[in-house]
Participant: 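Got a structure for you, written out below as structure tokens; questions coming shortly.
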Amino acid sequence: MAHVDVAIVGVGYSKHVSKRRDVNIAELVWEAVSNCYEDAGLKPKDIDAVVTGNMPAFEGVNIPELWGAGHWGAYHKPLIRITTGGTTGGSVVHGAYYAVASGLYDTVLAIAFEKQSDGNSTMGLNTVALADAAAQFQQGVDPGFLAAFGGGAVGIAVYQAASYMKRSGCTTHHLDKVSALCRNNAALNPWSHLKQPGLTPEDVAKTVLMQYPIRFGHVCPATDGACAMIVTTGEKALKLQNKPAYILSCASCSDEAALMGISGSGTTNMDPCAQEHCKLAAKWAYELAGIKDPRREIDVAEPYAPFAHQMLMFYERLLLCDEGEAPAILDSGSMNLDGELPVCPSGGVISTNAIGASAMERVTEVALQIMGKAGDRQVKKEVHKGVAHGWGGAVNLNVVAVLSDTPRRS
Amino acid sequence: MGPGIEIGQVPRASLPINPTFQWSVGNWMDRFYDGLKEGKLWASKCPGCGRVHLPPRMVCERCFTKCEEWVELPETGTVQSYTVAHVKVGANGEFEELPQPEVIALVKQDGADTCVAARLEGGNASVGMKVKVVIDPEAENFVNMLAGYRPAE
Amino acid sequence: MAEMEYKKETRSVEGSWPMEHWSWKFESIALIAKAREAFKEKKLLGLKCPGCGLVYFPPKPYCRCTGEPDEWVEVKQQGTITTYTFTGAWAYEGIKEEEGPAGEPMIICGVNFDGSDTLTVCILEEAKPEEVFVGMRVQLKWPEKIEGRLDDIAHAVPLKE
Amino acid sequence: MRREVAIISYAQTPYEPDANASREMQVLRVAKAALAAAGLKQEDRYTVVTANNDYCDGRTISNMRLVEPAAAWMKNESKAEMDGAYAALYGLLRILSGDHDIALIIGESQASVYARWLPGIMMMDPTFDRQRWLLNEVSAAALQARAYMNAFGVSEEQVAGVAAKNLDNAALNPLAGNKLAGADAAKVLGSRKLYEPISEMMVAQYCDGACAMVIAAGELAEKAEKPVWIRGVGFAHDSYLTERSLEEMGSLKLAAEKAYAMAGISDPASQVDLAEVHENFAHEELMAYEALGFCGRGEGGAFFDSGATRRDGKLPVNTSGGAIGANVACATGLARIIEAAMQIRGEAGDHQVAKAKTAVATGQTGPCAQESVVFVLGGE
């Protein structure tokens with residue numbers, strides 16, 4: 001049975017800033033959606049289905065599509081809401097991909113967003129584990145210990161970073177270099193949140209330590225922002241774009257929550273930096289995409305890295321190099337905009353994190369690079385294939401998408 | 001559970017933590033509330049298809065046009081539907097008896113194409129009934145400045 | 001109709017998620033209660049899955065292989081660090097912290113106790129940050145008074161082999 | 001459709017007000033049972049789509065802790081934060097793409113965990129309705145009921161009659177938690193008044209439970225003993241309840257049109273043998289008769305009076321007891337698909353209907369059935 005090719009023909013963003021108090025949630029998303037229709041040269045009447053998602057803990061609104069989707073051109077259209085925490089944006093892209101690839105819906109609008117200033121970002125993240133905390137308090141654990149062991153505001157990332165640094169020889173200096181690289185790229189990206197042109201690793205090293213080994217400069221901001229994307233069949237895409245970005249494959253993989261067993265139980269996910277499920281998702285995605293040797297065939301990568309070490313760690317878990325090689329590859333300059341395999345040319349999640357939208361923005365940024373529409377942040381080399389990634393939950397959910405300038409060879 | 005384990009009554013846990021939120025209402029609803037402060041009903045009008053939204057909306061969902069036109073609506077409206085409420089939802093999410101029944105109505109303000117859900121004073125109600133809006137600019141919570149409706153006589 | 005001017009700051013409606021009215025159910029609390037009883041005899045009890053043999057400590061009612069652990073097995077009190085972090089202000093890798101997170105430095109690590117296939121989180125005492133590494137061997141350190149609390153097993157010291 | 005996709009197996013927990021089990025254990029039980037009934041082991045290649053809600057579960061990223069119970073460890077797993085029928089739809093899309101052949105679908109929630117009517121209030125417009133605290137799932141449904149009944153002269157006895165039918169049907173369904181053998185309209189009308197015209201027994205009370213289903217194409221479907229083929233599917237979003245007419249279930253009508261077109265059904269009233277409808281309130285079943293084309297606009301009451309939808313009628317509806325018999329947020333629509341498949345397979349036991357070749361199942365999400373999904377199922 002022939003594969004239905006799926007291609008991105010339109011990308012739209014809202015402004016990404018820490019607080020948008022001039023709009024409500026629905027209006028913020030409208031900005032990204034209307035930009036996307038314009039970019040694709042399409043109108044709501046051309047859309048056959050809508051796939052949406054956010055991480056509702058940050059806004060405190062249950063299924064905001066019920067009140068808001070009229071603002072997004074979804075009137076009387078098939079709409080499905082897909083939410084998986086940090087990977088939501090990527091899971092929404094998968095939903096849109098499958099809708100088109102199913103042959104039932106030719107042109108699909110995908111929407112992912114977060115308006116974090118409507119809630120409290122730290123409390124939002126805490127609501128992931130308050131149920132388990134409730135159980136632990138009841139069994140004799142005092143809140144102070146739980147907060148400290150939970151890694152405070154940076155959560156499990158601190159354990160992951162410590163483990164990764166031990167496994168790979170990555171030093172805090174590498175973390176500083178990742179932040180500097182991303183924030184400089186973000187300065188070339190009009191849609192990014194934190195723009196710090198000329199930021200140096202030394203500047204990052206001076207930022208306050210939050211919890212070993214993570215400094216304030218190694219951590220993403222909390223952002224109000226939205227992202228929208230239109231995908232359609234390969235056939236229709238070529239009528240709209242001379243160079244659409246094809247989604248060759250989508251794959252996700254889920255593991256047991258790392259570090260924190262349910263309500264105090266032990267967990268078999270003992271090393272939060274192993275990320276075997278990320279390797280599996282990448283393997284499945286590359287197989288479907290017909291990619292045999294990712295490190296040579298992939299031209300650009302957008303790993304989901306709200307914390308600096310994750311850009312290197314997931315570079316390895318996306319099978320772009322061997323275990324522990326990423327720090328050296330960073331040092332070689334290969335990851336720069338003019339490198340052999342640029343990483344996070346958009347500035348990455350460490351510069352912009354409207355959580356619900358972030359995993360979709362990894363896909364749209366790879367798409368813009370493939371379409372040659374990434375403006376000042378367009379990488380130097382010609383981009384044929386790219387990989388986009390997202391993680392979520394207690395670093396136990398991973399989503400991967402592989403994109404290309406040519407459709408999947410069946 | 002496995003043979004070696006029987007749990008009996010499954011234990012429960014809860015936590016006295018209530019995350020709070022502050023939803024920015026946006027410029028359309030802000031203007032709606034500004035209007036109510038002066039006892040006026042401002043509705044947004046779609047330049048595309050003419051639909052008038054109360055409460056106002058930035059975008060007309062029917063034709064996906066930005067509604068930057070405004071119209072001030074008269075105080076009269078028509079009941080589209082209503083319910084006689086015998087209960088309300090308590091803080092814990094369960095129903096609590098109301099001391100005496102009250103009427104909640106969906107009212108289409110004259111000139112509007114969408115409805116407002118609000119209390120209807122006076123006890124008796126019917127679909128199609130003419131009503132007048134009751135505005136309380138000093139309401140404790142500004143979302144209640146549109147306090148409700150009363151029979152138009 | 002005057003051209004619409006846009007405010008930068010519009011009103012905010014206050015609201016909440018009254019989570020105090022939610023309550024969750026946990027078979028794991030009942031299983032851990034039995035393990036906590038055994039703490040008083042300085043014993044660690046894990047629960048073994050009949051499906052795949054994995055041992056969960058502290059015990060868990062279901063396994064990733066969809067089995068339901070049902071056999072109590074004793075878990076050793078020595079273990080291996082699988083991951084760690086430090087809280088509080090400290091000096092490490094030569095970088096002196098003038099102002100850093102409050103609190104005195106604490107080493108928090110994930111420990112896999114021998115005889116179990118899971119991790120539980122402990123505070124490592126009698127050790128300096130520079131000495132900690134993934135794979136380091138540690139020994140559980142019981143509190144003076146063991147009351148059968150979950151955090152009775154939350155302290156460890158480097159294992160002197 | 002590009003591929004023939006069939007329902008292979010299914011499993012449901014008993015539906016109870018307060019199950020003596022966590023959501024994890026209820027999900028684990030139905031996931032294992034559905035996989036076993038399909039002859040599948042965890043080592044086999046299948047994708048998993050669950051339906052659950054952060055506010056119902058009181059857990060942000062509610063699927064994060066369901067990975068192991070949903071037999072999704074190291075699997076390609078995702079979640080629809082809507083009714084379980086949407087998770088089934090998404091699983092179908094994954095299989096039709098050709099990238100997957102087998103999907104495990106699971107829906108769950110526990111009313112004993114969340115504050116009953118608060119997740120519904122949290123769905124309302126946060127810039128206006130939410131903190132005015134007038135609209136909730138039941139008061140909104142009452143406004144819908146009044147609009148519909150007033151427009152087409154439907155009586156409270158007819159609405160109460162539907163509730164009585166479903167409570168009586170539920171008595172023949174061992175899994176239903178809310179049942180009353182021999183229930184009649186008077187009994188229903190006598191129950192506690194909530195928001196007129198809705199009294200307590202007309203409401204599908206939320207309860208605890210989970211259900212799971214395996215759907216597949218390719219080898220597993222061809223090998224299956226009694227595959228139930230998915231003939232057609234459709235879904236649609238309607239406007240927020242204060243911005244549309246409440247006299248009809250607009251999204252259900254749109255969803256049904258799409259599903260019927262795909263299934264080649266032109267005259268549902270004669271071509272459909274039975275329906276399992278997700279009715280959160282008794283009046284919604286009457287409105288669904290019209291939206292699903294079983295009768296004309298406004299004729300739902302008369303169609304009910306004709307006895308057509310009774311267990312022995314020509315188009316039995318909700319012989320399982322429907323949502324009034326058992327309503328689990330994020331699972332009730334999936335349970336409807338399962339009940340319809342059971343009828344087609346002749347496995348519905350005491351509530352089995354005689355003629356069950358083509359069945360319709362519906363799911364809904366949001367106040368006044370704002371979002372709807374329709375499945376058309378057929379036997380060999």
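Please read these numbers as outputs of a predicted model, since none were measured by experiment.
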Participant: What are the two closest non-hydrogen atoms of D/D57 and C/W24, and how far apart are they?
Facilitator: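 The answer is O-NE1, 3.1 Å.
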Participant: More than 12 heavy atoms of other residues, nucleotides or ligands under 6.0 Å from CD of C/E41: yes or no?
Facilitator: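 Yes, enclosed.
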Participant: Between C/T10 and chain D, with a heavy-atom cut-off of 4.5 Å, which part of the residue counts as in contact: side chain, backbone, both or neither?
Facilitator: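 For C/T10, there is no contact with chain D at all, as no heavy atom is under 4.5 Å.
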Participant: With chain C as the partner, which of D/A31, D/A21, D/P119, D/A70 has the greatest number of non-hydrogen pairs under 4.5 Å?
Facilitator: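 Heavy-atom pair counts peak at D/A21.
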Participant: Between C/W22 and D/Y55 (side chain of the first, backbone of the second, donor and acceptor by atom type, cut-off under 3.5 Å), is there such a pair?
Facilitator: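 Confirmed, C/W22 side chain pairs with D/Y55 backbone.
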Participant: Is chain C contacted by the side chain of D/Q110, its backbone, both, or neither, given a heavy-atom distance below 4.5 Å?
Facilitator: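 Only the side chain of D/Q110 comes within 4.5 Å of chain C.
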Participant: Where do D/L118 and C/P18 come nearest, in terms of heavy atoms and distance?
Facilitator: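 So the two residues come closest at CD1-CG, 3.6 Å.
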Participant: Under the salt bridge (charged side-chain N to carboxylate O under 4.0 Å, His left out) rule, what pairs show up with a residue in residues 115-128 of chain D, not counting sequence neighbours?
Facilitator: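 Only B/R57-D/D125, B/E94-D/R116 qualify under salt bridge (charged side-chain N to carboxylate O under 4.0 Å, His left out).
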Participant: Which atom names give the shortest non-hydrogen contact between D/G58 and C/M19, and what distance separates them?
Facilitator: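 Minimum heavy-atom separation between D/G58 and C/M19: O-CE, 4.1 Å.
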Participant: Hey, what do you get for CZ (C/F26) to CZ (D/R23), rounding to the nearest 0.5 Å?
Facilitator: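 Rounded to the nearest 0.5 Å, the CZ-CZ separation comes to 9.0 Å.
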Participant: Could you list which of residues 72-80 of chain D have a heavy atom closer than 4.5 Å to any heavy atom of chain C, in residue-number order?
Facilitator: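 Within residues 72-80 of chain D, the residues that come under 4.5 Å of chain C (heavy atoms only) are D/W73.
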Participant: Count the heavy-atom pairs under 4.5 Å between each of D/R59, D/K32, D/R130 and chain C, then report the option with the highest count.
Facilitator: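 Between D/R59, D/K32, D/R130, the count favours D/K32.
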Participant: Does C/K128 have more than 12 heavy atoms from other residues, nucleotides or ligands lying within 6.0 Å of its NZ?
Facilitator: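 Count not over threshold, so no.
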Participant: What part of D/D54 gets closer than 4.5 Å to chain C, counting heavy atoms only: side chain, backbone, both or neither?
Facilitator: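 Contact with chain C is through the backbone of D/D54 alone.
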Participant: Any Lys/Arg nitrogen of C/K60 or D/E68 sitting under 4.0 Å from an Asp/Glu carboxylate oxygen of the other?
Facilitator: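 Looking at D/E68 together with C/K60, the answer is yes, because their closest N to O distance falls below 4.0 Å.
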Participant: Would you give the length of the straight line joining atom CG of D/N20 to atom NZ of C/K25, rounded to the nearest 0.5 angstrom?
Facilitator: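 Here the rounded value is 7.5 Å.
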Participant: Quick check on the interface: out of D/E24, D/E43, D/Q42, who has the most heavy-atom pairs with chain C under 4.5 Å?
Facilitator: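 When all of D/E24, D/E43, D/Q42 are compared, D/Q42 has the most.
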Participant: Answer whether the closest heavy-atom distance between the side chains of C/E68 and D/M25 falls below 4.5 Å.
Facilitator: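 Heavy-atom side-chain distance check passes, below 4.5 Å.
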Participant: Looking at every non-hydrogen atom in both residues, tell me the closest pair between C/G67 and D/L28 and how far apart they are.
Facilitator: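 Scanning both residues completely, I find the closest heavy atoms to be O-CD2, 4.5 Å.
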Participant: For the pair C/W17 (side chain) and D/M122 (backbone), establish whether a donor and an acceptor sit closer than 3.5 Å, ignoring hydrogens and angles.
Facilitator: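 Between the backbone of D/M122 and the side chain of C/W17 there is no qualifying donor-acceptor contact (under 3.5 Å).
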Participant: Using non-hydrogen atoms only, which part of C/C65 is less than 4.5 Å away from chain D: side chain, backbone, both, or neither?
Facilitator: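 Both backbone and side chain.
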